[in-house]
Amino acid sequence: MLSTIADYTRLTKDMGKSLTLVAKQPDVSRETDYFLANIGKVKSIDDFLKDYRLYSYAMKAYGLSDMVYAKAFMRKVLTEGVATKDTFANKLSDSRYREFASAFNFAALGSNATQTTQATTGTATQYVTQTMEQNAGDQNEGLRLALYFTRKASSIKNAYQILADKALTQVAQTALGLSATVSSADIDSQAAMLTKMIKLTDFQDPAKVTKFVQRFAAMWDASQASSDISNGSSTNPALILIGGASTTASMDTDILSKLQSIRLGK
């Protein structure tokens, strides 16, 4: 049964409670306790990179688990910091590296870099959040994307930030009923299209973010249902939403009602 909207609503209705439940999981609690007890002892980038348990925890917290092996790359990120636009992290399109270098700001704070709230409890909170999203994705990739977009939405200032992040791009394209093939278009054209279709300032309003993500969730569930239709129908859920299609009877009526009720405001 498709339930992205229901699961999303359940988790976000009381996000504090949801995160607390994840934080209390034995493996999460154990790793967080180790991190908080030992991160303050780290006085240099070398110390940080040598303690795999601390380093991998921090990398996961900022969504960089797939880059744990790239220590030379991450050393450069940490060494140069984020003080000027010319630093390595600031030149990268992926904002996760800037967030990581800001949290562990050895370039500016030296041996005190691991004493800040952002480096300690802030990182622990990030870790728990990442774990919740990862667990959600193990059951439903659409739910993981919905939670991720909700978390990142307020930081989106322009369309290029969406396009620089594969997950944000997938959510936006799905919510708007766009085919993934539009990603092959010129980047400036893609940015112009998103800017025309989305009022980006709406992402500063939690209520409007929720509405946008709920629309994504409905479209996601509809696309999953469509792919499962055994009669070979290739109806695009976006077409059903926008103009109505003759094959709507083959779609789950509950999903269709959700799509119709979560129209984006103009």
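These numbers were taken from a predicted model, which means no experiment stands behind them.
When atom types are taken as modelled, the side chain of Asp202 and the backbone of Lys208 share no donor-acceptor pair closer than 3.5 angstrom. Between the side chain of Thr4 and the backbone N or O of Gly142 there is no donor-acceptor pair closer than 3.5 Å. A donor-acceptor distance shorter than 3.5 angstrom exists from the side chain of Ser223 to the backbone of Trp220, with no hydrogens or angles considered. No donor-acceptor pair closer than 3.5 Å links the side chain of Asn90 to the backbone N or O of Asp86. Using modelled atom types, one side-chain atom of Ser44 and one backbone atom of Asp47 make a donor-acceptor pair closer than 3.5 Å. Side-chain atoms of Lys85 do not come within 3.5 Å of backbone N or O of Lys91 as any donor-acceptor pair. Checking side-chain atoms of Gln173 against main-chain N and O of Gln170 turns up no donor-acceptor pair under 3.5 Å. Under the 3.5 Å distance criterion, the side-chain polar atoms of Gln126 are left unmatched by any main-chain donor or acceptor of Tyr62.
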(request) Given side chain to side chain contact (heavy atoms under 4.5 Å, CB included), test Ile156 with Gln204 step by step and report yes or no. (result) CA-CA 8 Å; Ile156 298 173; Gln204 303 305 309; 5.9 Å; no
(request) Using the side chain to side chain contact (heavy atoms under 4.5 Å, CB included) rule, take Leu11 and Leu143 through it: C-alpha gap first, then chi angles, then the decisive distance, then the call. (result) CA-CA 10 Å; Leu11 285 173; Leu143 179 58; 3.9 Å; yes
(message) For Lys50 and Tyr55: C-alpha separation, side-chain torsions, deciding distance, then whether side chain to side chain contact (heavy atoms under 4.5 Å, CB included) applies.
(response) CA-CA 8 Å; Lys50 285 178 181 177; Tyr55 168 61; over 6 Å; no
(message) Could you walk me through whether Ile162 and Leu200 satisfy the side chain to side chain contact (heavy atoms under 4.5 Å, CB included) test, starting with their C-alpha distance in whole Å, then the side-chain angles of each, then the deciding distance to 0.1 Å, before giving a yes or no?
(response) CA-CA 10 Å; Ile162 295 176; Leu200 295 173; 4.0 Å; yes
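Taking each heavy atom of Phe35 and Thr123 in turn, the nearest pair found is CZ-CG2, 3.7 Å. Residues Phe203 and Ala153 come closest through the heavy atom pair CB-O, 3.4 Å. Across all non-hydrogen atoms, the minimal contact from Ile198 to Ala172 is CD1-CB, 4.4 Å. Across all non-hydrogen atoms, the minimal contact from Val82 to Thr87 is CA-OG1, 3.8 Å. The minimum heavy-atom distance between Ala119 and Ala103, with the atom names listed, is CB-O, 3.3 Å. Here the closest heavy-atom approach between residue Ile39 and residue Leu54 is recorded as N-CD2, 4.0 Å.
Annotation: side-chain contact (heavy atoms from CB on, under 4.5 Å) contacts of Ala164 (sequence neighbours excluded): Ser93. Applying the ring-ring contact (aromatic ring centres under 6.0 Å, His included) test to Tyr148 and every residue at least two apart in sequence or in another chain returns nothing. Partners of Asp94 by salt bridge (charged side-chain N to carboxylate O under 4.0 Å, His left out), not counting sequence neighbours, listed by chain and number: Arg96. The salt bridge (charged side-chain N to carboxylate O under 4.0 Å, His left out) test applied to Asp7 returns Arg10, not counting sequence neighbours. Arg144 meets the salt bridge (charged side-chain N to carboxylate O under 4.0 Å, His left out) test with Glu141; sequence neighbours excluded. Under the rule for a side-chain contact (heavy atoms from CB on, under 4.5 Å), the partners of Ala124 that lie at least two apart in sequence or sit in another chain are Thr32, Leu36, Tyr57.
Cluster annotation: Leu109 and Phe88 are assigned to distinct hydrophobic clusters (Ile/Leu/Val/Met/Phe/Trp/Tyr, side-chain heavy-atom contacts under 4.5 Å, transitive). Leu64 and Leu147 fall within a single hydrophobic cluster, where Ile, Leu, Val, Met, Phe, Trp and Tyr are joined by side-chain heavy atoms under 4.5 Å apart, directly or via other members. Under the 4.5 Å side-chain heavy-atom criterion for Ile, Leu, Val, Met, Phe, Trp and Tyr, Met15 and Tyr8 are members of the same hydrophobic cluster.
Phe104 and Phe100 have tilted rings, their planes meeting at an angle from 30° to 60° on a 0 to 90° scale.
A 4.5 Å side-chain heavy-atom check between Val28 and Val128 finds at least one atom pair inside the cut-off. Side-chain contact between Ile5 and Phe216: absent, with no pair of heavy atoms (C-beta onward) separated by less than 4.5 Å. Within the 4.5 Å cutoff, the side chain of Leu194 has heavy atoms near those of the Leu176 side chain. For the pair Thr9 and Gln214, the minimum side-chain heavy-atom distance is below 4.5 Å.
Both tests hold for Lys60 against Tyr127: distance to the six-membered ring centre under 6.0 Å, angle to the ring axis within 45°.
Separation of atoms CG (Leu168) and CG (Leu163) is listed at 9.5 Å; rounding is to 0.5 Å. Here the straight-line distance linking atom CG of Asp221 with atom OG1 of Thr174 works out to 11.0 Å at 0.5 Å rounding. To the nearest 0.5 Å, atom CG of residue Leu178 and atom CE of residue Met219 are 8.5 Å apart. If you take CG on Leu21 and CG on Asn135, they are separated by 11.5 Å, rounding to the nearest 0.5 Å.
For residues 74-83, the set of pairs meeting the side chain to side chain donor-acceptor pair (under 3.5 Å) definition, not counting sequence neighbours, comprises Asp46-Arg75, Lys76-Glu80. Among residues at least two apart or in separate chains, there is no side chain to side chain donor-acceptor pair (under 3.5 Å) pair with a member in residues 103-118. For the salt bridge (charged side-chain N to carboxylate O under 4.0 Å, His left out) condition, the pairs that include at least one residue of residues 127-138, sequence neighbours left out, are Glu133-Arg151. For residues 152-163, every residue pair satisfying the salt bridge (charged side-chain N to carboxylate O under 4.0 Å, His left out) rule, not counting sequence neighbours, is listed here: Glu99-Lys152. For residues 15-36, every residue pair satisfying the salt bridge (charged side-chain N to carboxylate O under 4.0 Å, His left out) rule, not counting sequence neighbours, is listed here: Glu31-Arg53.
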Listing, residues 184-193 side-chain donor-acceptor contacts under 3.5 Å, not counting sequence neighbours, or none:
from   : atom 1 : to     : atom 2 : distance (Å)
Ser184 : OG     : Thr181 : O      : 2.7
Asp186 : OD2    : Asp188 : N      : 3.0
Asp186 : OD2    : Ser189 : N      : 3.2
Asp188 : OD1    : Tyr160 : OH     : 2.6
Gln190 : NE2    : Ser183 : O      : 3.1
Gln190 : NE2    : Ala185 : O      : 2.8

